[in-house]
Amino acid sequence: MGKLVWICLAATLGMASVAQADVAAGTYTVEGTNLDGSSYGGTARIEPSSDTTCHIHWSTGSESTGICMLYGNAFAAGYVFETGGVGLVVYEVMDDGSLEGVWTIDGLSGAGTEILTPQ
């Protein structure tokens, strides 16, 4: 599983060639699939903390908070659940401002998917 995340991260970062994408601060609608394939939803809030970094908070039935980074059209976040688990998500910034990504949690097998759509 670790290889999949690194391959996704490398592929996404490789797409960052000419232009820097823009990720808007604000609230996003979350639609995703869990590691077992079940679906979930909720909201995420993104707040810039520098030109390339930000803070992100998800409310999807559980709460998680993380640091995020924009590089080209790749947007990645490391996050911690309120219960202490650590995760990683890598998104591609789409032309419409939405973020399409894949995520995992340390120590667990599999990957979930997630789409963040600006509200």
Side-chain angles (χ1 to χ4, degrees):
M1 177 55 223
K3 289 181 183 178
L4 174 63
V5 171
W6 287 114
I7 290 169
C8 290
L9 180 59
T12 304
L13 291 176
M15 292 183 277
S17 56
V18 179
Q20 177 82 6
D22 186 34
V23 174
T27 303
Y28 289 73
T29 300
V30 176
E31 295 178 55
T33 58
N34 289 303
L35 301 178
D36 65 5
S38 62
S39 62
Y40 66 90
T43 60
R45 176 105 184 126
I46 297 174
E47 298 176 7
S49 56
S50 78
D51 289 343
T52 56
T53 62
C54 57
H55 295 117
I56 185 167
H57 179 85
W58 289 268
S59 295
T60 57
S62 65
E63 304 291 316
S64 56
T65 301
I67 180 175
C68 35
M69 177 184 167
L70 178 64
Y71 181 80
N73 70 338
F75 185 77
Y79 54 94
V80 178
F81 288 99
E82 58 189 2
T83 58
V86 177
L88 172 69
V89 60
V90 179
Y91 300 98
E92 179 179 359
V93 181
M94 308 308 288
D95 290 339
D96 66 358
S98 64
L99 307 169
E100 294 186 12
V102 60
W103 59 269
T104 192
I105 299 172
D106 182 42
L108 300 179
S109 297
T113 62
E114 188 168 90
I115 299 172
L116 303 183
T117 307
Q119 290 187 349

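FYI, side chains are in, hydrogens and waters are out, and symmetry mates aren't considered; it's all heavy atoms of this structure.
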- Query: Between T29 and Q119, do the side chains contain an N or O donor and an N or O acceptor separated by less than 3.5 Å?
  - Reply: yes

- With distance as the sole test, does T104 use its side chain to make a donor-acceptor pair with the main-chain N or O of G110 at under 3.5 Å? yes

- Is the number of heavy atoms from other residues, nucleotides or ligands under 6.0 Å of D36 CG greater than 12? yes

- Measure the NE2-CD1 distance between H55 and I67 for me, rounded to the nearest 0.5 Å. 6.0 Å

- Message: Taking the side chain as everything from C-beta on, heavy atoms only, tell me whether H57 gets closer than 4.5 Å to E63.
- Response: yes

- Atom pair CD (E100) and OG1 (T117), whose distance is rounded to the nearest 0.5 Å: 8.0 Å

- Task: Determine yes or no for a side-chain-to-main-chain donor-acceptor pair under 3.5 angstrom, with D96 supplying the side chain and S98 the backbone.
- Result: yes

- So, the side chain of T33 versus the backbone of T113: is there a donor-acceptor pair under 3.5 Å, distance only? yes

- Query: If we only count heavy atoms from C-beta on, is the V23 to I46 side-chain gap below 4.5 Å?
  - Reply: yes

- Look up atom OG in S64 and atom CD in E82, then write down how far apart they are to the nearest 0.5 Å. 8.5 Å

- Just how far is it from atom OG of S49 to atom CE of M69, taken to the nearest 0.5 Å? 11.5 Å

- Message: For Y40 and E31, which I'm curious about, is there any donor-acceptor pair between the side chains at under 3.5 Å?
- Response: no

- Query: Among pairs that include at least one residue of residues 77-119, which meet disulfide bond (SG atoms under 2.5 Å apart), considering only residues two or more places apart or in two chains?
  - Reply: none

- Query: At their closest point, which heavy atom of V102 faces which heavy atom of A111, and how far apart are they?
  - Reply: CG2-CB, 3.7 Å

- Atom CZ in F75, atom CD1 in I56: separation rounded to 0.5 Å? 5.0 Å

- Task: Would you please name every residue forming a ring pair (Phe, Tyr, Trp, His ring centres under 6.0 Å) with F81, sequence neighbours left out?
- Result: Y79

- Task: Apply side-chain contact (heavy atoms from CB on, under 4.5 Å) to W103 and N34, showing your working.
- Result: CA-CA 9 Å; W103 59 269; N34 289 303; 4.2 Å; yes

- What one should report as the nearest heavy-atom pair of W58 and A44 is CD1-CB, 3.8 Å

- Task: Please check if Y91 and L35 belong to a single hydrophobic cluster, counting links between Ile, Leu, Val, Met, Phe, Trp and Tyr side chain heavy atoms closer than 4.5 Å.
- Result: yes

- Give every residue pair that meets the disulfide bond (SG atoms under 2.5 Å apart) criterion with at least one member in residues 21-100, sequence neighbours excluded. C54-C68

- Item | CA sep, side-chain torsions, deciding dist, call: L70, V93, side-chain contact (heavy atoms from CB on, under 4.5 Å) | CA-CA 9 Å; L70 178 64; V93 181; 4.0 Å; yes

- Identify the heavy atoms of T43 and V30 that sit nearest to each other, and give their distance. C-CG2, 3.5 Å

